[in-house]
Amino acid sequence: MFLKKKKLLMLSLLLGFSMILAACGGGSSEQTGSESDTGDSGSGEETYHWRFVTEEMQGQVQYEYAVEFANRLNEKSDGRITMDVFEFGGLGSEVNQVEQLQDGLVEFAIVSPGFTGTMVTEGQLFALHFLFTEDLELNQQILNTSEALNVHLAEKYKQHNIQPLAFWHEGAMQWTGSRELRTPDDFTNLKFRTQESPLILESYKAYGANPTAMSWGELYTGLQQGVVEGQENPIFFIEDAKFHEVQDHMTISNHNIYVAMTTVNTDFFAGLPEDIQALILETVEEMRPVAYEIQKELNESLLDSIVNNEKHPTAVIELTDEERAAFKAAAEPVKEFFVSEVVDEDGKMILEMLEEEIEAAMK
Ligand code: 6CS
């Protein structure tokens, strides 16, 4: 990651330049699509150039998704739509990226709800441990079809100029720690890194940990220097970001799934000609199984590289059903906290509807 600093600086300069252009009225599209002189809703021969920012690096799920998304859209539009895809880091922290999307400095972004918790409080439901099933494929189907998420939660984001086009997951979440994490007691006073959402912090307080929010850009050094002693992420991310090099233990806990959203700036999308909107939505649909396959392959293949790493050995354990049940019981009050302290009636309705959808999917 540190070898890529020069590249990130280049990206940063590049974006700085396009921001200046945007501020001068140049924008990023040759045609913004708000008006077309070729018909009521068609785009004619107009060309478009957009920015797509991700929270990950080359070779990681979000970035590979975005590149494939951009390629498909380019092909479908016969080359009229081009996109610059940005790795994480060049445009600031994950939270900065959300702001850039809202301000229209980038048109598209992959956003993890964990970075929007103070703004869209309802989106924090993804922080609830053991909410989804243990079947990753089924979980993806639920994310694809859920009315609670795709209609009601999406509406909450749209009010902030963030339009979720798809909810998808990057695999099951696991823990790493400077000590073995097998029971809730093992979390007592553990300095645990989380994303920004207050409910994620609450989830770890429920286990007795001492959680701290931090960007993942700081996490390797944070773990190495003992500023934090544990973290959660899917296997592919733990391996690729090399967190296992500075953590002696990993627990296959499957306590949650890592949800990501493909998002677009709401005003920008509304201003596009209908045929261009249709191409984007078609691409979003096509990408659902692609995203699933990318994460599956990376999560499955990279576990071995953690287990067999002799230079940086990591003891890997898997929770038994009984051990998971102890965490499940400890996590239960967090759901009550979410409903009674964090969200209003709408948020409660969204969670209840999602729970019903999950239950129905399991039958
Ligand atoms: O832990 C994080 O914050 C990062 N984890 C993943 C899987 N993607 C991006 C995110 O920022």
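Order of listing sets the numbers, starting from 1, for every ligand and every atom in it. What you are looking at is a predicted structure, and each value in this text was computed from that prediction instead of being measured.
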Atom NZ of Lys76 with >12 non-hydrogen neighbours under 6.0 angstrom: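 Result for NZ/Lys76: enclosed.
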
Is the shortest N/O to N/O distance between Glu232 and ligand 1 below 3.5 Å?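 No - when backbone and side-chain N and O of Glu232 are compared with those of ligand 1, no distance drops under 3.5 Å.
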
Report yes if the distance between the aromatic ring centroids of Trp50 and Phe52 is under 6.0 Å, otherwise no.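 No: the rings miss the under 6.0 Å criterion.
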
Less than 6.0 Å separating the ring centroids of His169 and Phe132?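 Ring centroids of His169 and Phe132 are no less than 6.0 Å from each other.
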
Distance to 0.1 Å, residue and atom name: give those for the protein heavy atom nearest to atom 11 (O) of ligand 1.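 Here the nearest protein heavy atom works out to Trp216 CD1, 3.0 Å.
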
For atom 5 (N) of ligand 1, what is the closest protein heavy atom, and at what distance to 0.1 Å?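 Protein heavy atom at minimum distance: Asn233 OD1, 2.9 Å.
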
[X] heavy atoms, cut-off 4.0 Å: which ligand 1 atoms fall inside?
{"X": "Glu94", "answer": "3 (O), 11 (O)"}
{"X": "Glu56", "answer": "6 (C), 7 (C), 8 (N), 9 (C)"}
{"X": "Phe115", "answer": "3 (O), 11 (O)"}

Heavy atom under 4.0 Å from ligand 1: found in Gln195's side chain, backbone, both, or neither?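 For Gln195, only side-chain atoms sit under 4.0 Å from ligand 1.
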
Does the distance from a Lys or Arg side-chain N to an Asp or Glu carboxylate O, for Lys328 and Glu332, drop under 4.0 Å?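 No salt bridge links Lys328 with Glu332.
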
Please determine whether a side-chain nitrogen of the Lys or Arg among Glu293 and Arg288 lies less than 4.0 Å from a carboxylate oxygen of the Asp or Glu.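 Arg288 and Glu293: not salt-bridged.
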
Check each of Asn233, Asn254, Thr251 against Gln174 using the side chain to side chain donor-acceptor pair (under 3.5 Å) test, and report the only one that passes.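 When side chain to side chain donor-acceptor pair (under 3.5 Å) is applied between Gln174 and each of Asn233, Asn254, Thr251, only Asn254 qualifies.
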
If hydrogens are left out, which of Phe236, Phe88, Tyr258 has an atom nearest to atom 9 (C) of ligand 1, that is, the closest non-hydrogen atom?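 Selected option, by shortest heavy-atom distance: Tyr258.
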
Determine, considering heavy atoms only, which of Glu196, Glu55, Met57, Arg193 sits nearest to atom 3 (O) of ligand 1.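 Looking at heavy atoms only, the winner is Arg193.
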
Glu300 vs Lys296, test: salt bridge (Lys or Arg N to Asp or Glu O under 4.0 Å). Steps then yes/no. CA-CA 6 Å; Glu300 286 177 1; Lys296 185 171 186 281; 3.6 Å; yes

